[in-house]
Every structure is written in structure tokens, then in C-alpha cells.
K.L.:
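Below: one structure in C-alpha cells.
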Amino acid sequence: MVIAIDGPAASGKSSTAQWVAEELGYQHVDSGSLYRALTAALLRQGAPPERWTAGSMLAQAGRVALRPARTAFTALIDGAPADEEIRGGLVTSLVSLVARVPEARQWVNARVREAAASHDVVVDGRDIGTTVFPDAPLKIFLVADPWERARRRLTQRLGRRPTDDEIAAETDILVQRDARDATQTVQAKDAVLLDTTYLTQAEQVERIVALARAVSQRPSGS
Ligand code: CDP
């Protein structure tokens, strides 16, 4: 079973996917964490981003792996988790450069499909319901107002209430990344659109879990 959760930057895909996976006893696969880990591996290697090529990306990809844990797959670089590094500002500002390269996308998609071959998964990303798992029985497309997305991301990062100026600056960064990622951020025709601007996280998780339970009780083929 695959549940695909797609949507723009900071729309709450990863935290929602993680929670849904825990509710259902599935594993969460965060495809963005692979693009981020690949970007961090390239930065560690030291060549400047303007010299990154499909070949150098595939060479560095050998250092990145997905390891299953209890409720989620973790992206590893050189065998170790690097969460802080891959969520940092530098990786975030460069990751779209890697994500636009078809060879990098094929490499990520292969890792995600491998994970799904052995587990029931909730996979989040941009193109999971369109390209990676076009036959997924449940697809969700999460959207939220950019200001609200920026507010949530900053609250999570800073651990306090952000100021309006901080939210405005973060909104600009998110909207620019949305533009760079626009080609691959596609809502599948059969995806359920969920606008979370006025939903709590518990509410959005509850809706997706209810949809998943309905889908898994449906006779196959209907
Ligand atoms: O959580 P957030 O929306 O900030 O980003 P993410 O899901 O961690 O994804 C990081 C970056 O990876 C995005 O900005 C995209 O450039 C890329 N990505 C992608 O192209 N396709 C995916 N399926 C997932 C991520």
C-alpha cells in the first residue's frame, strides 16, 4: 500500500506523512530528504554548485542511502543521519538545483520505490502521485496559504512565535522555492486536494487516515 502526499514547500507534508504513517502502522518515506542529502553530499565534496553536473550528482549519490527504522526511513550520508545539515539554509537554498536534474530524480525515485517494495508506506514529495507512484490508491495534495506555511515553518525552526517581519522574509523564500520547483510540483488528477490553512495538524491527519481506511476497505478495482 502506498499513500502519496504531495504539495508545495512547507505545506506540512512531512510532519503529516509521519503522523499518518504512525496511525496506520506504515513507514514514512520523505523523498525530499533524499534530494536534501544528495545536495549536502555535493557540498561536503566541495565543488562549487555552478560546477555540479548529472555525473557528479550520481557519483555523490553513492554516499546517500535510506535506512528503515521503526516508523520512518532515514536518509544517511556516509552511513550516518545528518538531519540538521540537510534541513539547514544552505542546503534548502541549493536543493532545487539538484532536484531539476532528471538523473538525480531517477536516482531518488529508484530509492523510494525500493523502500515501498518491502513496506506499506506514506511517501511525501512533489511528484509522488504523478511520477513515482501513479497507481497509488490514495493521493493527497496539500496546500496552504504561503504566509501560513512560512509562519508554521518558522515556529518549528525557532521554537517561538515569529515576528511579522520574519514571516514576510520567510514567505519570500518559500515562494521563490515554489517557483523553482513548479515543474515537478503537480497535483495528480485523482488526488484529494486538502487546503490546511485553517486546519490543525490533528484535523488534517484525521482526514487522511479516514480516507486511507476507506480505501483499504474498498474492493480492489473499484
Ligand atoms: O519540506 P519542504 O517542502 O521544505 O521540502 P522537502 O520536501 O524537504 O523538499 C526539498 C526539495 O526537494 C524541494 O524544494 C524540491 O526541490 C525537491 N523535491 C522534489 O523535487 N521532488 C520531491 N518528490 C521531493 C522534493
Side-chain angles (χ1 to χ4, degrees), residues 2-19 21 28-43 49 52 54 57 61 64 66 72-75 77 81-116 121-134 136 139-146 148-157 170-188 191 194 196 201 204:
V2 174
I3 299 175
I5 303 185
D6 290 306
S11 54
K13 302 177 299 288
S14 281
S15 47
T16 304
Q18 178 64 43
W19 192 345
H28 172 210
V29 182
D30 172 0
S31 62
S33 72
L34 284 170
Y35 289 103
R36 288 174 177 275
L38 192 47
T39 307
L42 283 152
L43 283 167
W52 294 352
M57 289 175 194
V64 177
L66 262 189
F73 279 80
T74 309
I77 310 174
D83 218 51
E84 223 171 287
E85 182 180 347
I86 71 174
R87 308 277 158 207
L90 184 58
V91 167
T92 302
S93 66
L94 292 169
V95 61
S96 306
L97 271 184
V98 175
R100 76 158 74 111
V101 174
E103 289 83 351
R105 303 200 69 77
Q106 282 156 17
W107 179 83
V108 167
N109 295 350
R111 301 292 76 74
V112 172
R113 290 185 184 120
E114 268 168 21
V121 286
V122 185
V123 187
D124 78 282
R126 301 281 186 292
D127 58 345
I128 306 304
T130 48
T131 304
V132 188
F133 295 111
K139 301 174 184 177
I140 308 290
F141 198 81
L142 280 189
V143 294
D145 173 77
E148 179 58 16
R149 288 190 272 139
R151 191 192 66 74
R152 289 176 188 167
R153 179 63 41 114
L154 279 175
T155 306
Q156 182 186 41
R157 189 186 308 146
E170 184 69 17
T171 303
D172 281 349
I173 293 173
L174 282 185
V175 168
Q176 282 170 27
R177 188 149 62 94
D178 283 348
R180 292 198 296 269
D181 290 335
T183 334
Q184 57 255 18
T185 312
V186 186
Q187 182 182 346
L194 206 53
T196 72
Q201 202 170 25
Q204 71 205 39

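Each ligand, and each atom within it, is numbered from 1 in the order the structure gives. Everything numeric in this text was worked out from a predicted model, so none of it was measured. What's counted below: heavy atoms across the whole structure, side chains too, no hydrogens, waters or symmetry copies. Quick note: residue numbers are just sequence positions, from 1.
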K.L.:
Purely on distance, is any nitrogen or oxygen of Val95 under 3.5 Å from one on ligand 1?
P.N.:
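Between Val95 and ligand 1 (N or O atoms, distance only) the closest approach is not under 3.5 Å.
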
K.L.:
Among protein heavy atoms, which sits nearest to atom 14 (O) of ligand 1, and what does the distance come to when rounded to 0.1 Å?
P.N.:
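Heavy-atom neighbour on the protein nearest atom 14 (O) of ligand 1: Asp181 OD2, 2.5 Å.
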
K.L.:
How far is atom 17 (C) of ligand 1 from the closest protein heavy atom, and which atom is that?
P.N.:
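Ranking protein heavy atoms by distance from atom 17 (C) of ligand 1, first comes Ala99 CB, 3.7 Å.
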
K.L.:
What residue and atom, counting heavy atoms only, is the protein's closest point to atom 7 (O) of ligand 1, and at what distance?
P.N.:
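Going by distance alone, atom 7 (O) of ligand 1 is nearest to Arg126 NH1, 3.4 Å.
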
K.L.:
Which residue holds the protein heavy atom closest to atom 18 (N) of ligand 1, what is that atom called, and what is the gap in Å?
P.N.:
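Minimum-distance protein heavy atom for atom 18 (N) of ligand 1 reads Tyr35 CD1, 3.5 Å.
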
K.L.:
Can you sort out which atoms of ligand 1 are near Ala10, meaning under 4.0 Å from one of its heavy atoms?
P.N.:
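Reading through ligand 1 atom by atom, the close ones are 2 (P), 3 (O), 4 (O).
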
K.L.:
Set out, in order, the CA-CA distance, both residues' side-chain angles and the distance that settles side-chain contact (heavy atoms from CB on, under 4.5 Å) for Asp127 and Val132, then state yes or no.
P.N.:
CA-CA 7 Å; Asp127 58 345; Val132 188; 3.9 Å; yes

K.L.:
Identify, for atom 9 (O) of ligand 1, the protein heavy atom at the shortest distance, and state residue, atom and that distance.
P.N.:
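The answer is Gly32 CA, 3.6 Å.
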
K.L.:
For the pair Asp124 (side chain) and Ala4 (backbone), establish whether a donor and an acceptor sit closer than 3.5 Å, ignoring hydrogens and angles.
P.N.:
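Not confirmed, Asp124 side chain does not pair with Ala4 backbone.
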
K.L.:
Any side-chain donor paired with an acceptor under 3.5 Å for Thr171 and Arg149?
P.N.:
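No, no side-chain donor-acceptor pair sits under 3.5 Å.
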
K.L.:
Run the side-chain contact (heavy atoms from CB on, under 4.5 Å) check on Thr183 and Arg100 step by step: do they pass?
P.N.:
CA-CA 9 Å; Thr183 334; Arg100 76 158 74 111; over 6 Å; no

K.L.:
Any non-hydrogen atom of Arg153 lying under 4.0 Å from ligand 1?
P.N.:
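Contact present.
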
K.L.:
Counting from 1, what ligand 1 atoms have a heavy atom of Gly125 closer than 4.0 Å?
P.N.:
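Contacts of ligand 1 toward Gly125, numbered from 1: 22 (C), 23 (N), 24 (C).
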
K.L.:
Checking side-chain contact (heavy atoms from CB on, under 4.5 Å) between Phe73 and each of Val29, Val112, Leu34, which is the one that passes?
P.N.:
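Of all the options given, the one that passes is Val29.
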
K.L.:
Measure from atom 24 (C) of ligand 1 to every heavy atom in Ala9, Ser31, Ser15 and give the option owning the shortest one.
P.N.:
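Answer by nearest heavy atom: Ser31.
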
K.L.:
Passes side-chain contact (heavy atoms from CB on, under 4.5 Å), Thr16 versus Leu142? Steps please.
P.N.:
CA-CA 10 Å; Thr16 304; Leu142 280 189; 4.0 Å; yes

K.L.:
At what distance is the nearest protein heavy atom to atom 10 (C) of ligand 1, and which residue and atom is it?
P.N.:
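Residue, atom and distance for the closest contact: Arg36 NE, 3.6 Å.
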
K.L.:
Please check this pair: side chain of Lys13 against backbone of Ile5, looking for a donor-acceptor N/O pair closer than 3.5 Å.
P.N.:
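Between the backbone of Ile5 and the side chain of Lys13 there is no qualifying donor-acceptor contact (under 3.5 Å).
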
K.L.:
Within the structure, is a non-hydrogen atom of Ser96 found at a distance of less than 4.0 Å from ligand 1?
P.N.:
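Under 4.0 Å: yes for Ser96.
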
K.L.:
Between the main-chain N or O of Thr185 and the side-chain N or O of Arg126, is there a donor-acceptor pair closer than 3.5 Å?
P.N.:
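Such a contact is absent between Arg126 side chain and Thr185 backbone.
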
K.L.:
Identify, for atom 21 (N) of ligand 1, the protein heavy atom at the shortest distance, and state residue, atom and that distance.
P.N.:
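For atom 21 (N) of ligand 1, the nearest protein heavy atom is Arg105 NH2, 3.0 Å.
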
K.L.:
Strictly by modelled atom types, are Arg152 and Thr196 linked by a side-chain donor-acceptor pair under 3.5 Å?
P.N.:
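There is such a pair between these side chains.
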
K.L.:
Nearest heavy atom to atom 5 (O) of ligand 1 wins, so pick from Arg180, Arg177, Gln184, Lys13.
P.N.:
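Among Arg180, Arg177, Gln184, Lys13, the closest heavy atom to atom 5 (O) of ligand 1 comes from Arg177.
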
